[in-house]
Participant: 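Please find one structure pasted underneath; my questions will follow.
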Amino acid sequence: MAWRRDFRYASPMPELPEVETVRRGLEPALVGRRLTKVTLRRPDLRFPFPPHFARRLTGARVAELRRRGKFLLAPLSSGETLIVHLGMTGRFLIDLAQAADDVPFRDQCPPPKHAHVVFETDNGPRVTFSDARRFGFMDVFETANLSHHLQLANLGPEPFDGAFNQSYLAAAFSARRRGVKDILMDQSVVAGLGNIYASEALHRARVAPGKEARRIGRKAIGRIVPAIRAVLEEAIDAGGSTLRDFAAANGSPGYFQHSFRVYGRGGEPCPNPGCVGRIHRSIQAGRATYHCPTCQE
DNA sequence: ATTACGTCCTGTCGGC
DNA sequence: TGCCGACAGGACGTAA
């Protein structure tokens, strides 16, 4: 049947690794192809679509697919760039049926629930964006001025960029009274970390998430930078293997299920070697936070 | 400038 | 069995 969910991925909570996985999965479906038809099935997501959204995309070719923090960026041959944020539940479904002929009555099949935007391409699969909670959003912006786009302009460095280092983080932490986890989730400090990977990184760095950022010592900051990179790298690798598994499994859904060391593990023993503590769940800045009070200080 | 908090949205899950 | 509240959370808007 049409609207097959043959290719469906993205974790329920897209942070940098999940967005990167989506980018890699979407690349073969979109890059180099012309958008022949764009359909909006409602006037807004988190925000209203910009004026003439569908018209500005239609006919343009997707030059490449990039990622910046948690944003997907698709520069187009028209001189504008499609900007996508997945929010909480945003996901792309790739319809593997190449042409309408491949699927009888394809156009009579109902679209999946929450399918808000449909992209048709020349000789490529149909790509559908669905987002149950509509925390995601899309925008179109002049590529030459992309760095002035409000949401992109305020993003901090990429975690893998050399600019994100110990002295940078020390400056970002100085005089800040907010909890260190809260600071790491601030997209203007570093781009791409959310609630899950901030918790995971701090556990690895053995720093308590609620500790005031200004009270984090130099040595601890020195552990946080590589800890962030390690958790993100591992998760990106897990996403990559999900994509490969999907390709190998010929049609089975490729859900991105990465396992976490502390997130969602309240009451379980701390996985750090030699630590006898248990993972503690608390609420910090309104968000569920997991850490080991024994080895994170 | 910095911080805290409410808000949006709906599917899922546990308890009764 | 069904209902109902709690929960999940990124980023914005507002207020202090």
Side-chain angles (χ1 to χ4, degrees), chain A residues 5 8 10-22 41-50 67-73 83-91 93 111-117 129-139 141 149-156 158-159 169 171-202 209-216 232 235 253 255-260 262-267 279-291:
Chain A
R5 291 162 173 80
R8 171 171 171 162
S11 104
M13 301 161 201
E15 301 182 26
L16 187 151
E18 291 76 18
V19 177
E20 176 61 22
T21 301
V22 169
R41 304 188 64 253
R42 53 173 300 127
D44 57 6
L45 295 170
R46 174 91 164 83
F47 309 113
F49 287 100
R67 181 193 56 76
R68 176 78 173 95
K70 301 176 194 174
F71 288 87
L72 283 169
L73 306 174
I83 302 168
V84 180
H85 195 291
L86 299 174
M88 274 290 296
T89 50
R91 45 194 72 196
L93 317 175
K113 216 177 173 185
H114 308 302
H116 305 313
V117 188
F129 179 80
S130 88
D131 184 2
R133 287 178 213 173
R134 300 206 304 278
F135 276 21
F137 54 88
M138 294 192 191
D139 201 358
F141 205 79
H149 185 273
L150 198 60
Q151 272 135 341
L152 299 176
N154 292 324
L155 287 181
E158 290 288 315
L169 208 51
F173 282 1
S174 74
R176 307 296 296 275
R177 305 172 102 95
R178 287 157 72 199
V180 59
K181 167 171 167 272
D182 200 18
I183 299 280
L184 290 180
M185 288 169 61
D186 185 334
Q187 301 301 297
S188 68
V189 171
V190 56
L193 286 181
N195 196 40
I196 294 176
Y197 292 106
S199 295
E200 293 291 313
L202 287 172
K211 187 164 179 173
E212 285 188 12
R214 60 178 181 157
R215 301 204 183 282
I216 310 286
L232 295 179
Y255 288 100
F256 186 164
Q257 289 287 7
H258 187 50
S259 70
F260 306 113
V262 293
Y263 187 85
R265 296 188 180 276
I279 303 306
H280 181 252
R281 179 186 187 275
S282 60
I283 300 294
Q284 187 190 327
R287 299 290 174 239
T289 301
Y290 298 87
H291 83 290

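None of the values given here were measured: they were computed from a predicted structure. Lettering of chains follows the sequences in order, A, B, ..., and the numbering in each one begins at 1.
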Participant: Side-chain N or O of A/R133 less than 4.0 angstrom from OP1 or OP2 on B/dG11?
Facilitator: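 No, no such contact exists.
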Participant: So how far is it from A/F71 CZ to A/L155 CG, rounded to the nearest 0.5 Å?
Facilitator: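 Atom-to-atom, A/F71:CZ and A/L155:CG are 5.5 Å apart.
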Participant: Between B/dA1 atom P and A/I183 atom CD1, what is the distance in whole Å?
Facilitator: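 Taking atom P of B/dA1 as the reference, CD1 of A/I183 is at 16 Å.
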Participant: Here's a test of your reading of the structure: between A/R178 and A/R134, which maps to the more 5' nucleotide of DNA chain B?
Facilitator: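 First, find each residue's nearest nucleotide; the 5'-ward one identifies A/R178.
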Participant: Taking the six-membered ring for Trp, are the ring centroids of A/H116 and A/F129 within less than 6.0 Å of each other?
Facilitator: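 No, the ring of A/H116 stays outside the 6.0 Å limit from the ring of A/F129, centre to centre.
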Participant: Roughly how many Å is it from CZ in A/F260 to P in C/dA8, rounded to a whole number?
Facilitator: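 So the CZ-P distance, A/F260 to C/dA8, works out to 14 Å.
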Participant: Can you confirm whether A/R177 is buried at CZ, in the sense that more than 12 heavy atoms of other residues, nucleotides or ligands lie under 6.0 Å from that atom?
Facilitator: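 12 or below, so no.
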Participant: Specify whether A/H291 and A/H280 have parallel, tilted or perpendicular ring planes, treating 30° as the upper limit for parallel and 60° as the lower limit for perpendicular.
Facilitator: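 Correct class here is perpendicular.
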Participant: Considering only NZ, NE, NH1 and NH2 on the basic side and carboxylate oxygens on the acidic side, decide whether A/E158 and A/R68 come within less than 4.0 Å.
Facilitator: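 Here A/E158 pairs with A/R68 in a salt bridge, since their nearest N and O are under 4.0 Å apart.
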Participant: How does protein reach along nucleotides 11-16 of chain C, written 5' to 3' as B (base within reach of a heavy atom under 4.0 Å), S (only sugar-phosphate), or - (no contact)?
Facilitator: BS----
Participant: Round to the nearest Å and state the distance from A/R214 atom CZ to B/dT2 atom C1'.
Facilitator: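 Atom CZ in A/R214 sits about 12 Å away from atom C1' in B/dT2.
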Participant: Write down the distance between CZ (A/R42) and C1' (B/dC9), rounded to a whole number of angstrom.
Facilitator: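 Result: 10 Å.
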Participant: Please confirm whether the shortest side-chain N or O distance from A/H114 to OP1 or OP2 of B/dG11 is below 4.0 Å.
Facilitator: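 Checking A/H114 against B/dG11: at least one side-chain N or O falls below 4.0 Å of OP1 or OP2.
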Participant: Please state whether the phosphate of B/dT3, meaning OP1 or OP2, lies under 4.0 angstrom from any side-chain nitrogen or oxygen of A/R176.
Facilitator: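 So the side-chain polar atoms of A/R176 do come within 4.0 Å of the phosphate oxygens OP1 or OP2 of B/dT3, strictly under.
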Participant: For the residue pair A/K181 and A/S199, what are the closest heavy atoms and their distance?
Facilitator: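 Scanning both residues completely, I find the closest heavy atoms to be CE-OG, 3.4 Å.
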Participant: Could you check whether A/A285 gets within reach of a base, just the sugar-phosphate, or nothing at all, counting any heavy atom under 4.0 Å?
Facilitator: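 It contacts nothing in the nucleic acid.
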Participant: Between atom CD in A/Q284 and atom P in C/dG10, what is the gap in whole Å?
Facilitator: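 Rounded to whole Å, this separation is 13 Å.
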Participant: Starting from P on C/dG10, measure out to CG on A/N195 and report it in whole angstrom.
Facilitator: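 Between P of C/dG10 and CG of A/N195: 6 Å.
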Participant: What is the distance, rounded to the nearest whole Å, between atom CG of A/D131 and atom P of B/dT10?
Facilitator: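 Taking atom P of B/dT10 as the reference, CG of A/D131 is at 10 Å.
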Participant: Round to a whole Å and report the spacing from CG of A/D182 to P of C/dG10.
Facilitator: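 The answer, rounded to whole Å, is 11 Å.
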Participant: Going from CZ on A/R67 to CD on A/E18, what distance comes out if it is rounded to the nearest 0.5 angstrom?
Facilitator: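 With rounding to 0.5 Å, CZ (A/R67) is 11.0 Å from CD (A/E18).
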